[in-house]
Amino acid sequence: QVQLVESGGGLVQPGGSLRLSCAASGSIFSINAMGWYRQAPGKQRELVAGITSGGSTKNVDSVKGRFTISRDNAKNTVYLQMNSLKPEDTAVYYCNAGYTTAQAMGVLTRRSKEYDYWGQGTQVTVSS
């Protein structure tokens with residue numbers, strides 16, 4: 001089975017940058033989509049950015065031009081580079097691999113529901 005571990009969160013001033021990492025243990029060979037989600041207090045979880053095995057990416061409008069998702073297949077790691085951070089970016093950020101992001105990215109397969117993994121989350125706080 002796949003386990004996901006997020007890291008890189010923390011406290012940063014507005015306008016600052018953070019780089020989140022999601023390291024996957026176990027094989028992700030059959031997973032064709034991974035993504036970053038965030039959930040702020042009192043808010044629903046939302047997709048921030050997703051990436052497919054083919055390299056296609058998608059970002060929520062609020063982070064376009066500021067956040068970049070990337071994937072290093074050799075290291076089984078997905079990154080989220082966050083620049084020009086704003087207080088409204090404050091949330092717990094979760095890494096997802098499999099079904100949830102595959103659905104969002106439009107790359108569902110007949111076996112997609114067999115794979116849907118989540119990390120435990122990493123806190124990002126943007127404040128002065």
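Using the six-membered ring where Trp is involved, Trp118 and Tyr94 have ring planes that are perpendicular, over 60° apart on the 30 and 60° scheme.
Side chain to side chain, Tyr37 and Thr101 meet the donor-acceptor criterion of an N or O pair below 3.5 Å. For the residue pair Thr52 / Asn32, no side-chain donor-acceptor distance below 3.5 Å is found, with atom types taken as modelled.
The neighbour count for Glu114 CD, taken as heavy atoms of other residues, nucleotides or ligands under 6.0 Å away, is above 12. In the displayed structure, Glu88 atom CD is contacted under 6.0 Å by more than 12 heavy atoms of other residues, nucleotides or ligands.
For the pair Lys64 and Asp61, the salt-bridge criterion is met [side-chain N within less than 4.0 Å of a carboxylate O].
The list of salt bridge (Lys or Arg N to Asp or Glu O under 4.0 Å) pairs with a residue in residues 39-52, not counting sequence neighbours, reads Arg38-Glu46. Here disulfide (SG to SG under 2.5 Å) pairs that include residues 87-128, with residues two or more places apart or in two chains, are Cys22-Cys95.
Considering only residues two or more places apart in sequence or on other chains, Ala23 meets the side-chain contact (heavy atoms from CB on, under 4.5 Å) condition with Thr77. Taking Gln123 as the reference, Thr125 meet the side-chain hydrogen bond (donor to acceptor under 3.5 Å, both in side chains) condition, with sequence neighbours excluded. Ser112 meets the side-chain hydrogen bond (donor to acceptor under 3.5 Å, both in side chains) test with Thr109; sequence neighbours excluded. In terms of the side-chain hydrogen bond (donor to acceptor under 3.5 Å, both in side chains) criterion, Thr122 has no residue partners (sequence neighbours excluded).
Between Asn96 and Tyr117, the closest heavy-atom pair is ND2-O, 3.1 Å.
Between the OG atom of Ser25 and the CD atom of Gln1 there is a distance of 10.5 Å, given to the nearest 0.5 Å. Atom CD1 of Ile51 is separated from atom CE of Met34 by 9.5 Å, given to the nearest 0.5 angstrom.
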